[in-house]
Amino acid sequence: MSIHLRAHAFAASPLRGLSASTTAVSPSAAADALRSLLDAGAGAADAAHPHPHPHPHLSKILPFRRGRPLARSHDSPPPPAAAAAAPPPPPAWRLAWLPPARVPDVPSDAFVFLGAHGEEEGKEAAAYWAVDVSERDGEGAGDGSAFVDLRTLMVATDWRDKDAMGDLAIAGHARALLEWHSTAKFCGACGSRAVPAEAGRRKQCSNESCKKRIYPRVDPVVIMLVIDKENDRALLSRQSRFVPRMWSCLAGFIEPGESLEEAVRRETWEETGIQVGEVIYHSSQPWPVGPSTMPCQLMVGFFAYAKSLEIHVDKKELEDAQWHSREDVKKALTFAEYEKAQRTNALKVNQICKGVEKRQSISADLKIESEEPAPMFVPGPYAIAHHLISSWAFEGAPKAPSSFSNL
C-alpha cells in the first residue's frame with residue numbers, strides 16, 4: 001500500500017502565506033479589528049470602525065487548553081440502503097472556531113494571529129486567531145465540542161480529506177506558536193520580560209535599552225532511511241517508547257555548525273555504527289506534536305546510502321536496529337491497518353466531543369475486528385517516516401552515484 005498525500009500532515013495550512021500577500025489582511029489591521037471587539041463589544045466596534053479590514057465580525061478564535069485545540073465531531077450520516085451492508089464512514093472532526101464574544105476576559109495581546117482567508121474568493125476576509133485558555137474553567141464550548149489532544153486528532157484525520165488535513169495543519173501551526181509563547185517569556189539577552197509584537201507572530205524585549213526582537217524557535221531534526229549499497233535492504237530501528245512491533249527511521253537533532261548531510265552521517269554512526277556515504281534529500285515536515293519545550297520541530301527527510309553493514313546499537317538511544325528486506329517492508333506497509341487506526345481514533349474524538357466521562361473507558365466501545373497482527377509495522381501516513389519508507393519500498397530510492405563510496 002503506497003499512500004500519496006498532497007502535502008505532509010501539518011504542512012500546507014490554508015492560512016499560511018496569505019497574510020503576507022498584497023490583497024490579504026495585514027496582522028496590524030486584523031489586530032485593530034479584534035481589539036475593537038474585545039474592548040468595546042461588537043456594536044461599538046461597528047460604530048467606531050464602519051469599514052474595518054477585515055470586518056470585525058469575521059474574527060475567528062481557536063481556543064487551546066494545555067496544548068489541545070477545541071474541536072467538534074458529528075456522527076456520520078447513515079449509508080444509503082444500497083450500501084447498508086458496508087460500515088458507515090467514521091465521523092469527521094473539524095476545528096471549533098468561536099467568535100471573540102465567546103472568549104471574554106482575555107487580554108488582546110494573548111491572541112496569536114494565524115492568517116486570513118476568504119478575500120481571494122471575492123469574499124470579506126476573515127482573520128483567524130489562536131489563544132491559550134488553560135487558566136479558564138470548563139472543558140469545552142458546548143455544541144458537541146471539546147479540547148482534544150493533537151496527536152489523537154492527527155491519527156483521526158482522514159488523509160484523503162483536504163479540509164481535514166487543512167484543519168490539522170492550522171491546529172499544528174497554532175499549537176507551535178502558543179507553546180513557544182508560553183516558554184519564551186523573557187529576553188535571552190538581558191532577562192527582561194518579552195512582550196508579544198506583530199499580532200503575536202514575534203516578541204520583543206520590554207527593556208527600552210535592549211528591545212531585542214525574538215522570533216519563534218525552530219528545531220530542525222534529520223530523519224533518514226538508511227539503505228544498503230545494493231538498494232534492496234533498509235535499516236529500521238526501535239526505541240523503547242515505541243508501541244510493540246513498530247519500527248521506524250533513524251532521526252536526530254542537528255548540532256551547531258553542522259550541515260544537514262553531516263547530521264545524517266553523524267547520527268547514523270552514533271546510533272548504529274553504520275557509516276553513510278551519499279545523502280539524498282526527500283522532503284520535510286513540520287512536527288508540532290513533540291515535547292512542549294520544542295513545539296516547532298522541522299523534520300528534514302533523507303535517503304542515506306550505507307558504506308558499511310555491521311550494526312552496533314547504542315542502547316542509550318535505541319532498543320534495536322536491523323536491516324529489513326524490501327519484501328518484508330512491503331508486507332509491513334500492507335498489513336499495518338492504518339484505516340482501522342484512523343477509524344478508531346475518529347470514533348474516540350467523537351465520543352470525547354459528546355462528553356464521555358473521563359473515568360469511562362472510551363476504548364471499550366471501539367473494538368474493531370482485526371486479522372492476526374503483522375510481525376512489524378511502520379508509522380502511519382501522518383508521519384514523514386512512513387513516506388520515506390513507502391516511497392523506497394514501492395518506488396525505489398534515487399540511485400546513489402557510483403562515487404558515493406569514496407565520500
Side-chain angles (χ1 to χ4, degrees), residues 2 8 11 218-242 246-287 290 294 297-333 376-381 383-407:
S2 183
H8 285 302
V218 176
D219 293 287
V221 178
V222 290
I223 180 167
M224 47 279 184
L225 183 67
V226 180
I227 305 163
D228 70 358
K229 61 181 65 178
E230 286 77 25
N231 198 9
D232 61 11
R233 290 191 300 169
L235 182 67
L236 300 179
S237 65
R238 276 189 50 78
Q239 296 184 23
S240 58
R241 62 181 178 84
F242 285 5
M246 189 176 90
W247 294 75
S248 189
C249 300
L250 298 173
F253 288 97
I254 299 169
E255 295 184 350
E258 187 175 53
S259 71
L260 295 167
E261 294 82 359
E262 288 171 329
V264 168
R265 297 186 181 104
R266 174 186 55 77
E267 284 287 345
T268 304
W269 169 255
E270 289 178 355
E271 294 187 353
T272 66
I274 298 291
Q275 295 183 16
V276 164
E278 182 71 5
V279 176
I280 301 173
Y281 175 75
H282 177 268
S283 60
S284 62
Q285 178 187 26
W287 193 247
M294 291 179 289
Q297 292 183 35
L298 178 66
M299 311 296 291
V300 188
F302 295 91
F303 295 116
Y305 283 88
K307 294 167 61 177
S308 62
L309 298 177
E310 188 173 351
I311 300 171
H312 300 281
V313 175
D314 180 355
K315 292 294 186 178
K316 294 180 181 178
E317 296 286 340
L318 301 175
E319 184 176 274
D320 197 6
Q322 295 179 14
W323 291 104
H324 295 267
S325 71
R326 191 185 302 271
E327 289 306 311
D328 285 345
V329 172
K330 283 184 178 180
K331 291 177 182 177
L333 288 160
M376 62 177 284
F377 69 97
V378 301
I384 189 175
H386 175 97
H387 299 283
L388 279 167
I389 296 167
S390 177
S391 61
W392 170 77
F394 290 99
E395 302 166 20
K399 294 291 184 181
S402 59
S403 60
F404 86 89
S405 59
N406 297 322
L407 293 174

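This chain uses plain numbering: 1 for the first residue, then up along the sequence. All of these numbers come straight from a predicted model, not from anything done at the bench.
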For the pair [X] (side chain) and [Y] (backbone), establish whether a donor and an acceptor sit closer than 3.5 Å, ignoring hydrogens and angles.
{"X": "Arg326", "Y": "Asn231", "answer": "yes"}
{"X": "His386", "Y": "Val378", "answer": "no"}
{"X": "Ser391", "Y": "Leu388", "answer": "yes"}
{"X": "Asp228", "Y": "Asp232", "answer": "yes"}

Side chains of [X] and [Y]: does their closest heavy-atom pair fall under 4.5 Å?
{"X": "Gln297", "Y": "Phe253", "answer": "yes"}
{"X": "Gln275", "Y": "Trp269", "answer": "yes"}
{"X": "Ile311", "Y": "Leu235", "answer": "yes"}

- Message: Checking Ser283 against His8: is there a side-chain donor and acceptor pair closer than 3.5 Å?
- Response: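 Their side chains do contain a donor-acceptor pair, which is all the 3.5 Å distance test asks for.
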
Can you tell me how far the [atom1] atom of [X] sits from the [atom2] atom of [Y], to the nearest 0.5 Å?
{"X": "Ile280", "Y": "Ile227", "atom1": "CD1", "atom2": "CD1", "result": "7.5 Å"}
{"X": "Lys315", "Y": "Ser240", "atom1": "NZ", "atom2": "OG", "result": "10.5 Å"}
{"X": "Glu271", "Y": "Gln239", "atom1": "CD", "atom2": "CD", "result": "7.0 Å"}
{"X": "Glu327", "Y": "Lys330", "atom1": "CD", "atom2": "NZ", "result": "5.0 Å"}
{"X": "Ile274", "Y": "Leu250", "atom1": "CD1", "atom2": "CG", "result": "9.0 Å"}
{"X": "Glu317", "Y": "Glu267", "atom1": "CD", "atom2": "CD", "result": "7.0 Å"}

- Message: Let's go through Asp314 and Glu270 carefully: what are the C-alpha distance in whole Å and the side-chain angles of both, what is the deciding distance for side chain to side chain contact (heavy atoms under 4.5 Å, CB included) to 0.1 Å, and is it a yes or a no?
- Response: CA-CA 7 Å; Asp314 180 355; Glu270 289 178 355; 5.5 Å; no

- Query: Which residues pass the salt bridge (Lys or Arg N to Asp or Glu O under 4.0 Å) test with Glu258, sequence neighbours left out?
  - Reply: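 Result, salt bridge (Lys or Arg N to Asp or Glu O under 4.0 Å) vs Glu258: Arg266.
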
What are the two closest non-hydrogen atoms of [X] and [Y], and how far apart are they?
{"X": "Leu236", "Y": "Cys249", "value": "CD2-N, 4.5 Å"}
{"X": "Ala321", "Y": "Val313", "value": "N-CG2, 3.7 Å"}
{"X": "Ser308", "Y": "Gly273", "value": "OG-O, 4.0 Å"}
{"X": "Arg233", "Y": "Leu309", "value": "NH2-CD1, 3.7 Å"}
{"X": "Leu333", "Y": "Ser390", "value": "CD1-CA, 3.7 Å"}
{"X": "Phe302", "Y": "Tyr281", "value": "CD2-CA, 3.5 Å"}

- Answer yes or no: are there more than 12 heavy-atom neighbours, outside Lys316 itself, under 6.0 Å from its atom NZ?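 Not more than 12 within 6.0 Å, no.
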
- Is the count of non-hydrogen atoms from other residues, nucleotides or ligands lying under 6.0 Å from Trp323 atom CH2 greater than 12? yes

- Message: So, applying side chain to side chain contact (heavy atoms under 4.5 Å, CB included) with Val300, which one of Ile384, Ile223, Val221, Leu260 is it?
- Response: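 Exactly one pass, corresponding to Leu260.
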
- Please name all residues satisfying side chain to side chain contact (heavy atoms under 4.5 Å, CB included) with Arg238, sequence neighbours left out, ordered by chain then number. Phe242, Met246, Trp247, Glu319

